[in-house]
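Keep in mind it's a predicted model, so treat the numbers as computed, not measured.
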Amino acid sequence: MEALIPVINKLQDVFNTVGADAIQLPQIIVLGTQSSGKSSVIESLVGRSFLPRGPGIVTRRPLVLQLVYSPKDSKEHRSAEEVYRHQETENLSWNPLVQLSQTVFSKGTINLEEWGKFLHTKERIHANFDEIRQEIERETDRMAGSNKGICPEPINLKIYSTRVVNLTLVDLPGVTKVPIGDQPEDIESQIRNLIIKYISNPNSIILAVTAANTDMATSEAIKMAKEVDPDGRRTLAVVTKLDLMDAGTDAIDILCGRVIPVKLGIIGVVNRSQQDIIDKKTIEDALKDEATYLQRKYPTIATRNGTPYLAKTLNRLLMHHIRDCLPELKVRVNVMISQFQSLLNSYGEDVSDKSQTLLQIITKFASAYCSTIEGTARNIETTELCGGARICYIFHETFGRTLDSIHPLVGLSRMDILTAIRNATGPRPALFVPEVSFELLVKRQIRRLEDPSLRCVELVHEEMQRIVQHCGTEVQQEMQRFPRLHQRIVDVVTQLLRTRLPATNSMVENLVAIELAYINTKHPDFHREAALVSGLLKSTDGLVEEHSPMYRQKTPRPTSTPHIPAITDGHDRSPPSNESPATPQVNGSPENKAMTPQKPVNLLPEVPSHTSRKLSDREQHDCDVIERLIKSYFYIVRKSIKDSVPKAVMHFLVNFVKDNLQSELVTHLYKSDQAENMLNESEHIAQRRKEAADMLKALQRASQIISEIRETHMW
């Protein structure tokens with residue numbers, strides 16, 4: 001199981017290269033208040049003094065510290081070539097004699113007891129731990145400033161030694177309350193948020209450091225640990241400064257867990273004092289003094305306290321924690337590989353041959369556009385109608401229902417009809433219902449179909465324009481990659497649709513004009529209706545009294561009649577001939593209407609002679625005849641317009657654009673001198689592709705590292 005910690009260190013190195021914290025790796029988070037001894041505990045674990053020390057806030061950036069056990073006979077981490085390679089690129093204060101002596105006698109890291117490497121200095125080796133401290137201070141000042149400010153960006157340090165156990169530690173800034181120096185007013189919340197970010201990782205172990213000369217119940221570290229780990233399953237408490245407790249007191253109750261119990265245990269340590277550091281007291285001497293102090297002061301629990309026991313406990317806890325987290329970690333890595341592979345595919349490949357790429361994008365867009373109209377696209381929209389389905393809805397729901405809602409007699413009152421009949425007869429009293437009045441009135445109603453028809457063309461045009469934004473995710477991704485090309489494609493499609501709009505509108509207007517040009521009273525459907533009216537006139541002849549009420553109950557209309565020609569012929573030709581049956585027909589009884597006009601029947605503002613009066617039976621009968629004929633013919637024309645307008649729109653607009661879109665795009669884009677500029681990617685797409693590629697590479701490397709673990713390593 002010792003092999004598990006190096007595996008996590010390798011994963012840490014892999015993800016540090018891409019700066020990603022999406023994978024939550026098992027690690028030990030050192031948490032405590034300012035000057036509680038966190039850095040001293042870490043130095044004791046390493047066995048060397050290498051961290052910045054002093055009063056006040058010293059740790060101002062997170063330090064990710066990987067301790068790697070590297071015995072002298074290890075070939076994995078030791079080599080001679082590393083020193084040769086990197087000593088050639090040392091800074092200008094380079095001493096040839098020193099370099100020669102190191103080259104001849106040290107042979108790289110082969111004979112070194114311990115050395116360190118920073119991530120930000122690549123593979124440069126630091127054998128002097130004072131240099132490591134100076135580098136930490138320089139890097140901290142570079143990012144956080146030189147006057148007590150903090151920075152959340154971590155410093156990554158790896159220390160190889162023959163005297164450490166494999167551990168991964170994160171040293172965080174100490175919790176503080178009052179801002180000093182250049183620290184902002186919210187320094188407390190900044191540090192708190194930074195700490196919470198690290199200890200919220202469910203795969204981390206929390207090392208809560210508390211000074212023994214403070215009350216354990218007021219420990220800020222224990223409090224924050226309980227917030228994210230209420231069960232205490234991943235919290236280990238460390239009590240520092242045991243030798244600084246007040247005279248007459250001891251920490252036996254604290255160390256035994258009788259004050260505040262901690263599941264993973266409480267371990268006491270003795271650190272070097274500030275005077276010891278000034279006097280250059282070594283860590284080895286400090287560990288000896290610590291063991292002596294524990295044996296003298298706490299003999300019964302001395303073996304379960306001290307820095308060596310803390311190192312072994314942390315090593316054991318981390319190994320078991322890694323073992324428990326590894327299966328979930330493996331699943332997480334595999335899921336993220338799939339996600340980033342899809343993301344990288346969506347950004348496309350780098351453009352090498354721009355002409356070929358441009359032609360491919362044009363062809364793909366034209367194909368996706370036509371597929372959206374035809375409903376054969378691979379990615380069908382499920383949230384709303386689009387493309388061909390929306391055009392179908394416009395034809396049969398929007399346009400069709402609008403035509404159906406137009407009443408044949410809308411805007412016509414009985415007095416309007418009677419006035420038209422009178423105006424058509426001139427100064428002579430009419431024996432028959434004049435045909436001119438019928439044509440005049442029915443044309444007036446047919447014109448009402450033109451505006452809905454033109455509106456139908458407009459709606460289809462808008463949908464054709466809208467399809468550009470709904471023609472497949474693959475095409476949309478290409479459009480995002482090349483914003484200039486996207487804009488030019490939109491311009492070409494818009495121009496093509498705009499050029500087809502006048503022709504389509506003209507054709508629709510002509511369809512209505514055709515219906516107005518010739519009123520075909522011989523139409524089979526209208527011919528039958530006229531025959532029914534003629535039969536009705538004969539059957540009701542002589543049954544009407546001159547002063548009968550205007551809207552009394554009528555006799556039922558016969559469904560068929562053997563004698564047809566009388567009123568049909570009268571309406572088909574201009575003045576009717578002297579046929580005797582015409583006179584009683586004109587005085588016939590009006591038929592019960594199926595649909596009533598909207599205007600009231602007692603208003604006639606445009607006729608000054610009679611402003612309000614009741615219609616005579618003959619006048620009412622004439623109006624009924626005209627109304628019935630208008631309804632019949634209007635329904636015929638409406639049915640024709642409802643059928644022919646969608647066909648005209650499909651032919652002149654939709655199908656034309658489908659057939660000519662690709663050729664138009666090629667003409668305006670592929671042969672254009674601007675082809676090179678149009679395929680310049682937007683900067684954020686190129687940057688995202690690089691980030692996704694780096695992350696995918698790191699995840700694949702991580703998956704390879706995890707797959708190398710055998711079941712035997714787990715126990």
Side-chain angles (χ1 to χ4, degrees), residues 5-27 61-66 68 76-77 82 85-86 89 116-125 135 139 142-143 151-158 168 170 194 197-198 200-204 322 325-326 328-354 357 473-474 476-483 679-709:
I5 295 178
V7 167
I8 295 301
N9 289 343
K10 290 180 182 178
L11 294 178
Q12 188 84 48
D13 294 342
V14 167
F15 289 114
N16 283 339
T17 59
V18 293
D21 51 3
I23 296 292
Q24 296 176 321
L25 297 174
Q27 53 193 3
R61 285 181 64 182
L63 175 67
V64 179
L65 176 63
Q66 296 177 1
V68 182
E76 182 179 0
H77 305 295
E82 280 186 334
R85 182 171 66 249
H86 296 289
T89 59
K117 289 182 183 179
F118 286 97
L119 178 67
H120 62 273
T121 59
K122 305 304 180 186
E123 295 296 322
R124 181 180 174 185
I125 295 173
E135 182 62 33
E139 187 66 11
R142 185 179 68 85
M143 294 293 292
C151 176
E153 291 296 322
I155 299 174
N156 292 84
L157 171 62
K158 186 178 290 189
T168 303
V170 181
L194 177 63
K197 173 187 172 184
Y198 277 89
S200 296
N201 175 7
N203 294 335
S204 65
I322 292 172
C325 297
L326 210 53
E328 182 183 351
L329 191 64
K330 188 173 184 179
V331 172
R332 175 69 175 158
V333 168
N334 291 334
V335 169
M336 291 189 67
I337 286 176
S338 176
Q339 292 174 346
F340 275 89
Q341 184 66 62
S342 301
L343 183 63
L344 186 60
N345 293 339
S346 69
Y347 292 141
E349 299 292 334
D350 286 333
V351 179
S352 55
D353 187 346
K354 292 195 173 183
T357 303
T473 54
E474 293 182 5
Q476 294 305 315
Q477 290 159 0
E478 298 287 351
M479 297 298 101
Q480 291 176 1
R481 286 184 66 192
F482 309 111
L679 286 182
N680 289 334
E681 280 187 315
S682 59
E683 294 181 1
H684 71 278
I685 291 291
Q687 179 65 24
R688 288 178 184 174
R689 184 197 298 111
K690 182 180 182 303
E691 292 173 357
D694 292 343
M695 189 64 183
L696 180 62
K697 189 175 180 181
L699 288 167
Q700 290 171 340
R701 174 61 181 150
S703 178
Q704 180 182 355
I705 291 171
I706 294 175
S707 64
E708 292 174 357
I709 300 175

State whether the side chain of Ser338 and the backbone N or O of Asn334 hold a donor-acceptor pair below 3.5 Å, judged by distance alone.
no

Do you know the tightest heavy-atom contact between Gln341 and Leu696?
OE1-CD2, 3.2 Å

Under 3.5 Å donor-acceptor, Ser707 side chain and Ser703 backbone
yes

Within this structure, what is the CG-CE distance for the pair Leu343 and Met336, rounded to the nearest 0.5 Å?
10.5 Å

Taken to the nearest 0.5 Å, the spacing of Leu119 CG from Gln66 CD works out to 9.0 Å

Spacing of CD belonging to Gln700 relative to CE belonging to Met695, to within rounding of 0.5 Å
11.5 Å

Heavy-atom side-chain proximity of Leu63 to Val170 below 4.5 angstrom:
no

Between the side chains of Glu691 and Arg688, is the shortest nitrogen-to-carboxylate-oxygen separation below 4.0 Å, so that they form an ion pair?
no

Ionic contact status for Arg61 with Glu139, cut-off 4.0 Å:
yes

When you compare the side chain of His120 with that of Glu135, does any pair of heavy atoms fall below 4.5 Å?
yes

Under 4.5 Å between any side-chain heavy atoms of Ile155 and Pro62, yes or no?
no

Which atoms form the tightest heavy-atom contact between Gln27 and Asn201, and what is the distance?
NE2-ND2, 4.4 Å

Should Pro154 and Tyr198 count as side-chain neighbours, where that means a heavy-atom distance under 4.5 Å?
yes

To the nearest 0.5 Å, atom OG1 of Thr168 lies from atom CD1 of Ile322 at 6.5 Å

Reported CG-to-CZ distance for the pair Leu699 and Phe340, which is rounded to 0.5 angstrom:
6.5 Å

List the steps and the verdict of side chain to side chain contact (heavy atoms under 4.5 Å, CB included) for Leu344 and Arg689.
CA-CA 6 Å; Leu344 186 60; Arg689 184 197 298 111; 3.6 Å; yes

